Every structure is written in structure tokens, then in C-alpha cells.
Amino acid sequence: MSYCTLAVIGNFTYPSTSTSNPNPKVSISNSTQRRKEFVSLLKNCKDANQILPIHAKIIRTGHDQDPFILFELLRLSSTLSSVNYASTIFQLVHNPNVFLYTALMDGFVSAGSYSDGISLYFQMINRFIMPDKYVITSVLKACGSHFALREGKEVHCQASKLGLSSNRSITMKLMEFYGKCGEFDDARKVFDKMTERDVVASTIVINCFLDHGLVEQAIEVFDLVRVKDTVCWTAMIDGLVRNGEMNMALEMFREMQKENMRPNEVTIVCVLSACSQLGALELGRWVHSYIGKHHRIELNHFVGGALISMYSRCGDIDEAERIFAMMKERKVITYNLMISGLAMHGKSIQAIEIFRGMIKQGLLPTSFTFVAILNACSHGGLVNLGLEMFHSMSRDYGIPPQIEHYGCIVDLLGRVGHLKEAYNFIQNMEIAPDHVMLGSLLSACKIHGNFELGEQVARILMNHGVVDSGTYVLLANVYASSGKWKEAAQIRAKMKEGGIQKEPGCSSIEVNNEIHEFLLGDLRHPQKEKIYNKLEELNQVLKEAGHIPATDAVLHDIEDWEKEQALAIHSERLAICYGLISTKPCTTIRVVKNLRVCDDCHSMIKLIAKVTGRKIVVRDRKRFHHFENGNCSCGDYW
DNA sequence: CAAAATAGAC
């Protein structure tokens, strides 16, 4: 990217705010009156569909070059409609002033089209239009978000020449810009020059550190802030969540309570996100009741969506449905969240119903909506409906299928054992298959015992090049299941060769508001003796009940073949055993696992649910398993 | 009157 800049400030023209009448046919007083009317009409407009008629009227009455009207029109169309429309209007303006540039640039920035915003700024400079503090603030935001270091520095120079660099909002944006670009020394320089280093400036610094994964440095700055406000706390909590430090985020939230700082909607959304990633249902419920008790926290679509997501991902899908039913303001994302929640839990029919409701509301489904719906069909074994939906998305909604949608269909067909159809489907696709899709077919081959096709798919996969650790493990498992130990060993060797690390399996369970984490064969828990005794006891009971440990699953979680015999103690078993000894009888046990459950654990958990009379809910990487009375809601396919 | 936000795929 290259921008040509003329730095001769003297050549700049002052922005034209002239009220001169561009259209001689309209009298001045009449025109001023009309302008007022249009401006207030545009300011009060809340519906995107009204922009077009208003715009038409503006043109008809000859006000299409009026800078005041244009300013409002640009703002409105870039927030309500699309920045593309705003851009089209802008191109028809004969002499756009700095305000109009700012309006369009704000549109680009909020749409995430940062490079367009930056180009627009330099186009303005090249037309000798003098930048003001507003347009500089806006372009610095774009430069920061786009990591456009060179361009941002140039803007910094221009701001200095114009005597604007000490302006408060520009200083803030400069700091943010340097921080986002990782230029902490320069950010520091700006920070040091500031006479007033308040909580706002600190919040920016904290946020920049957290953008770069520098958690410790962020905490250091945070601790030095004397008077922290809600935004500052929230920025810290959110940053910890973004850096995967869920427990620290929740700890921070507890501390915030202790200091009597009130959370707002944003804080709640961040905390709920941490809960849902951890599977911390108890804490999530507490946050929910907190919202109920504190009426200054509104159940807007952000909070509602976060609650739906939290309850779905923590295993309480009924509560997620209740929230959804209660919400007054529902957007497409709200529907998407609800549909994928239901899909995760295998509640396909309900997911379809939500989808139909969405269409009835006049909302347009997105590409994501269809992934969620196809997932629901796949998890529920609704082959015909899934195929119908797949055709409908491009035919009725103009959404061309992407690789993910094709992949859903392969999964859908594979699940019910239509392996040949799935294979043919892949061969007839307009796009090349990827390893995820092939992996899903391979997994179907394994489950349905078609090792011939499985090997064929495996060979394609191996030639494919880019394969992730999960796929390697699956490949090795397929070979192992059909007794091809040599091939299985070769895959493992290849993994080692390529330096591909298997993600360690990890399961967690929430007991008394605390998250307990377990790794494979973990011995770190203070109650490890009791846990292992329980496991031993269960193994005995299950053996008597006729459970035979499957041998093909061991490759799932174990680094070395030798470790297998000694440590076939998958993390989910430990988490479940801990749940059994630390909760009252009949309480539902909820476990969250980072990988997918192996065959052996799956059949074992079914039996554990049966002999202990407990409901056991396991969230794995892909979906939920509700174990009850010897059965699982996934119908043994996952 | 500046600073913080939703989930995201086979």
C-alpha cells in the first residue's frame, strides 16, 4: 500500500461550510428551511428502508450538494445501511469538505474497512483539504486497527504541524495507534508527555498490552491505576478472556465485586463468555440472577445472546431456550446462537422450528445460520431435510454454499452410513475437499466399519499435505481398529517427524463455584486418592457389568504407545469420579473436555450413568453428550 | 468526554 502525501500545510484550503445556494432555482430562505427539515428527518431516521426515499427527495429538490444534508445522509447510510451506499453518495459530491470525509471515514472504520478509511484520508490530503481533529482521530483509529505504522506516523507528523498533537482525543488515539502496532516505546513517549495520566489513558495502555498477549504488563499497569472505573475493570476482564485466562478473568470479576465496583452490560457479557468457555454453569447462573436483581443491567441483545450461549455451552439447553423466548429484541445473531446451541445438543427439530420462526420474523439467515441448521440436521440424522436445506440456501436465499456447508453434507451422509454417497458427493463438488471434510468421512468409515473406503480416504488425506494433529490421531486409530499396526505406527512416526504435537486432553468440572481441571492420568488434585479409589471401584463394577475396554481408542490421548498400558486414565474419567465423590447423589454431573470423547470412555460413561443413577453431561470439542440410564443423546455417533 | 462488547463453522 502506498499513499502519496503532500505535507505542505500552507496549501490546505479551509473546509467549506458555506451555505451558498448550489441550485439557483431554489430560493435561499426556502432552501434553508428545507435543509433544516431534511437534517432533522435524517437525524430521526431509524429504518434503513427509509433512506432511499429520503435520498430521492433530496435529489428531486436540488439539495444533493448541500454539505449539511450530505453529512447527515452519509452518517445515516453508513450506520443504518451500508458503507458502500455511503461511498456511492460520496463519489457524487463535487467538492466534499472535511466533514464529509470524516463521515465516510467513520463509516469505513466502523465497518472494519480500515484500508479504505486510510486511503480516503490521503486522498483528502492530496486534494489540499485541511484535516481537523475529528478526521485525524478517525484515521488514527483506522491506522491502529490496520497496523498501518508508516501511514499513522505520517498522520502523527501532520497533527504535530497543525498543532493538534496535544489535543486530548488525538493523544489517546496516538497512544492506541502505537500500542496496537506494538510500538510500545512510542506509545510510552506519548503517555509520558501527557500531563494528565488518568484512568482512560491507562485503560488504553492495558488494552494494548492485552492485544499483544502481554498479560503481566497489563496487570502491572492495572494495579497502578488508583481510581479504577467500570470500563477499566471490564477492559482487564475482557483482555484476560481474550488471552484464554478464564480463571484469572473470573478472579478479577470477584475482586471487582469486593471493591464494590458495579459491572455493566459489557462486563456481564465478558464474564458470561468466560463462564461459557469454562463450562462454569454455577457461576453463570449466579451472573444471570445478578442481572435479574440489578435493574440497571438491561437484558439487551448482547446480554441475552451471551446468556443463551453460556447456558447452551454449559449444558443447560432448556434454560437457553427460556432466555430466548423471553428476549424482546432478537437479531440474526440471537437466532444463530440459539440454533447452534440446539444443534450442539442434538435437538434438531427445535432448531428447525427456531429457523422457521426467524424467517417468519422477516430476518435474513446468514451463511452461519445454515452451518448451524445443517449441523442440527446432521446431529439428528435428518438426511432429507438437511439436503433440502442445502439446496434451499442458494436457491431461496442467494447464499452460495461454502466448504463448511459441503462438509456438513458429507457429515450428514456419513453419519447414517451413506458412505458411498458421501464419497461421490465429494467427487462431484465444485470445490476441492479439505482435510476437515475428509476427516469427517474417515471418521464415518471408522464408525460404520468400512475400512476399505476408510483407507482410500486416508490415502487422499495423506497426500493432502496440511493435516492437523486430530486428523493424524484419527488416521492412526482407523489403522489400529482394522489391525494394521504397522500403518498406525507409521502415522505416529510421521507425526513425530513433522513435529506435530498432540493437544493434551483436558477435562474440567465445576464444584462449588470452582473449576477443577484434570489431565490424562493427573495426580495433581488434593483429593487424588479418593478419586482414584472411586475409579478403581467403578472399574470393578463395570467389569462385572460386562464392560470390555476397547483397545483401538488408546491412540486418542496418549503420547507414546508404551504409556498406554500404564495410564489409560483419560481425563474425563477423573473429572467424573471427582464429581461423583464431591456432589450429592442424583446431582447432574457436567464435564467439559477440550478434545473429543473416545469410544471407550463413551461406552464406559454410559455404564457409569446407569450404575450410579446419575445424569452425566459431557461437552466435547464438537457437541454435547447427555448420558442417562445407559444411553447417550448422541446415539453413539459423534 | 475520552477507554471496554456478542459466536464464528465441516
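Just so you know, these numbers come straight off a predicted model, no measurement behind them. Residue numbering restarts at 1 for every chain, and letters A, B, ... go by the order of the sequence lines.
Following rounding to the nearest Å, A/Lys180 (NZ) and B/dA3 (P) show an atom-to-atom distance of 11 Å. In this structure, A/Met344 atom CE and B/dC10 atom P are separated by 11 Å, rounded to whole Å. Atom-to-atom, CG of A/Asn167 to P of B/dA2 comes out at 12 Å; the value is rounded to the nearest Å. Rounded to an integer number of Å, the gap from A/Lys133 NZ to B/dA2 P is 12 Å. As rounded to whole Å, 15 Å separates atom P of B/dC10 from atom CD1 of A/Ile373. Remark: P of B/dC1 and CG of A/Asp229 are 16 Å apart, rounded to the nearest angstrom. The CZ-P distance, from A/Phe390 to B/dC10, rounds to 15 Å in whole Å.
There is no side-chain donor-acceptor pair under 3.5 Å between A/Ser440 and A/Ser443. For the residue pair A/Ser392 and A/Asp396, a side-chain donor N or O sits within less than 3.5 Å of a side-chain acceptor on the partner. With hydrogens and angles left out, the side-chain atoms of A/Gln257 and A/Tyr290 include no donor and acceptor closer than 3.5 Å. A donor atom on one side chain and an acceptor atom on the other are found under 3.5 Å apart for A/Asp411 and A/Ser378. Inspection of the A/Gln361 and A/Tyr335 side chains reveals no N or O donor paired with an N or O acceptor under 3.5 Å.
Heavy atoms of A/Ile403 sit under 4.0 angstrom from at least one base atom. Residue A/Lys331 is out of contact with every strand shown, counting any heavy-atom pair closer than 4.0 Å.
Classified by interplanar angle (parallel below 30°, tilted 30° to 60°, perpendicular above 60°), the ring pair A/Tyr397/A/Phe370 is tilted.
Take A/Ser160 and apply the side-chain hydrogen bond (donor to acceptor under 3.5 Å, both in side chains) test, not counting sequence neighbours, and it matches no residue.
The line from CZ of A/Phe425 to CE of A/Met437 is 7.0 Å long, rounded to the nearest 0.5 Å.
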All N/O pairs under 3.5 Å across the protein-nucleotides 5-9 of chain B interface:
residue: B/dG8; atom: OP1; partner: A/Arg313; partner atom: NH1; Å: 3.2

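Aromatic rings of A/His156 and A/Tyr178 (six-membered ring for Trp) have centroids within the 6.0 Å cut-off, being under it.
Sorted by residue number, the members of residues 408-428 of chain A with any non-hydrogen atom under 4.0 Å from DNA chain B read A/Cys408, A/Asp411.
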